[in-house]
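Following: one structure in structure tokens, then a few remarks.
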Amino acid sequence: MRPLGLLGGTFDPVHYGHLRLAEEAREALDLDEVRWIPAGRPPHRQAPRVAASHRLEMVRQAVAGNPAFTVDDAETASGEPSYTVATLERLRAEQGARPLLLLMGADAFLGLAAWHRWRDLFALAHIGVATRPGVELSPADLPAELAAACAGRLDDAPDALKTAPAGRVVRFAMTPLAISASLLRARLAAGRSARYLLPDPVREYIDRQQLYRN
Ligand code: ATP
């Protein structure tokens with residue numbers, strides 16, 4: 001069974017780094033669907049700059065037209081903190097034994113051991129880690145407890161993801177794009193151009209709604 005890709009994030013705002021991550025994961029790891037899951041209240045970082053409803057709408061605009069990309073609004077619809085482990089438990093119940101693949105960039109992966117019930121994630125999903133400019137991902141760079149938890153799970157062959165519902169950690173290289181939402185927020189606040197860093201419909205939405213202005 002081909003895995004269901006899952007891409008969580010704050011998407012404050014969504015940009016081409018996210019879109020290439022999802023597209024290159026789909027291609028490299030042979031996924032038929034990547035489900036985007038904007039976080040409502042991300043527990044382990046500062047509150048997002050704009051409301052969940054705006055971040056959800058920007059993701060909808062960004063993925064429109066790609067039949068392999070879908071949007072899951074459960075986290076933004078809930079008033080509760082968005083714990084990935086709870087989302088994966090819900091999706092596991094919904095998807096049966098279908099392999100689930102939690103996608104993230106290298107920076108997010110390096111911080112995994114701070115996530116709520118992080119050790120339970122490995123029983124619920126595979127993890128797919130994309131390279132990100134400026135972030136080292138060799139085993140020596142992993143925090144010790146994360147390296148220990150990943151021992152025996154690392155496998156860069158995509159087919160390993162199809163033979164079990166969860167438990168493998170695969171790394172994949174994506175086109176290096178040093179775009180971040182923080183950089184975009186700073187640009188937009190300074191009244192500078194965000195064009196070609198995110199999709200036009202998202203940029204137009206930001207303009208219309210007057211988001212990220214100082
Ligand atoms: P911020 O700058 O506000 O921290 P961000 O650009 O990292 O935001 P998030 O919504 O926090 O965006 O990221 C969602 C996921 O996408 C994370 O797993 C993150 O590592 C990954 N990601 C974001 N941008 C890139 C990029 N340019 N290259 C690779 N991965 C990325």
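Just so you know, ligand 1 is whichever comes first in the structure, and atom 1 is the first atom listed for that ligand.
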Q: Give a yes or no on whether the backbone of A164 and the side-chain of H126 come within a donor-acceptor separation of less than 3.5 Å.
A: yes
Q: Only one of L88, L103, L31 passes side chain to side chain contact (heavy atoms under 4.5 Å, CB included) with L6; say which it is.
A: L88
Q | Sub-4.0 Å heavy-atom approach of P176 to ligand 1 | A | no
Q) Counting each atom of ligand 1 from 1 as listed, which ones have a heavy atom of S182 under 4.0 Å away? A) 1 (P), 2 (O), 3 (O), 4 (O)
Q: Enumerate the atoms of ligand 1 whose separation from the nearest heavy atom of D107 is less than 4.0 angstrom.
A: 19 (C), 20 (O)
Q. Quick one: which ligand 1 atoms are inside 4.0 Å of a heavy atom on T131?
A. 29 (C)
Q.
Below a 4.0 angstrom heavy-atom separation, can you tell me which part of M174, side chain or backbone, both or neither, approaches ligand 1?
A. side chain
Q | Distance filter under 4.0 Å to M104 heavy atoms, resulting ligand 1 atoms | A | 18 (O)
Q: Name the closest protein heavy atom to atom 17 (C) of ligand 1, giving the residue it belongs to and the distance to 0.1 Å.
A: G105 N, 4.0 Å
Q. Less than 3.5 Å between some nitrogen or oxygen of R132 and one of ligand 1, yes or no?
A. yes
Q) Do R55 and E57 meet the salt-bridge criterion of a basic N to acidic O distance under 4.0 Å? A) no
Q. Of the protein's non-hydrogen atoms, which lies at the shortest distance from atom 11 (O) of ligand 1, and what is that distance?
A. R45 NH1, 3.1 Å
(Q) Please determine whether any non-hydrogen atom of D12 lies less than 4.0 Å from an atom of ligand 1. (A) no
(Q) How long is the straight-line distance from CD of E75 back to CG of L56, given to the nearest 0.5 Å? (A) 11.0 Å
Q. Within the structure, does I179 bring an N/O atom to less than 3.5 angstrom of an N/O atom in ligand 1?
A. yes
Q: Specify the protein heavy atom at minimum distance from atom 30 (N) of ligand 1: its residue, its atom name, and the distance to 0.1 Å.
A: L21 CD1, 3.5 Å
Q. Which of the atoms of ligand 1 are close to S180, meaning less than 4.0 Å from one of its heavy atoms?
A. 2 (O), 6 (O)
Q: Would you please classify the geometry between the Y205 ring and the H54 ring as parallel, tilted or perpendicular, with 30° and 60° separating the classes?
A: perpendicular
Q: Using distance alone, decide if ligand 1 has a nitrogen or oxygen within less than 3.5 Å of any nitrogen or oxygen in F11.
A: yes
Q) At what distance, to the nearest 0.5 angstrom, does CG of N66 lie from CD of E33? A) 10.5 Å
(Q) Polar contacts were defined as any N/O atom of the residue lying under 3.5 Å from an N/O atom of the ligand; does this apply to A181 and ligand 1? (A) yes
Q) With atoms numbered from 1 as shown, which atoms in ligand 1 lie under 4.0 angstrom from a non-hydrogen atom of G8? A) 14 (C), 15 (C)
Q) Going through the distances and angles, do E94 and R35 end up as a salt bridge (Lys or Arg N to Asp or Glu O under 4.0 Å)? A) CA-CA 14 Å; E94 179 191 305; R35 203 169 284 187; 3.0 Å; yes
Q) Which ligand 1 atoms are under 4.0 Å away from a heavy-atom of G9? A) 10 (O), 14 (C)
(Q) With a 3.5 Å distance limit and no angle check, can you tell me whether D12 reaches the backbone of R49 through a side-chain donor-acceptor pair? (A) yes
Q: Could you verify whether a donor N or O on one side chain and an acceptor N or O on the other, from T76 and D73, lie under 3.5 Å apart?
A: no
Q. Does A130 reach ligand 1 with a nitrogen or oxygen that is under 3.5 Å from one of the ligand's nitrogen or oxygen atoms?
A. no
(Q) Over 60° means perpendicular and under 30° means parallel, so tell me whether F11 and W36 are parallel, tilted or perpendicular. (A) tilted
Q) Can you tell me how far the OG1 atom of T84 sits from the CH2 atom of W118, to the nearest 0.5 Å? A) 14.0 Å
Q: List every atom of ligand 1 that sits less than 4.0 Å from any heavy atom of H15, numbering the atoms from 1 in the order shown and giving each element.
A: 6 (O), 23 (C), 24 (N)
Q | Whether R117 side chain and Y83 backbone form a donor-acceptor pair below 3.5 Å | A | no
Q. Is there a heavy atom of L103 sitting under 4.0 angstrom from any atom of ligand 1?
A. no
Q. For atom 12 (O) of ligand 1, which candidate among R185, H18, R55 provides the closest heavy atom?
A. H18
Q: Identify the residue among I127, D30, D155, L29 that makes a side chain to side chain contact (heavy atoms under 4.5 Å, CB included) with L161.
A: L29
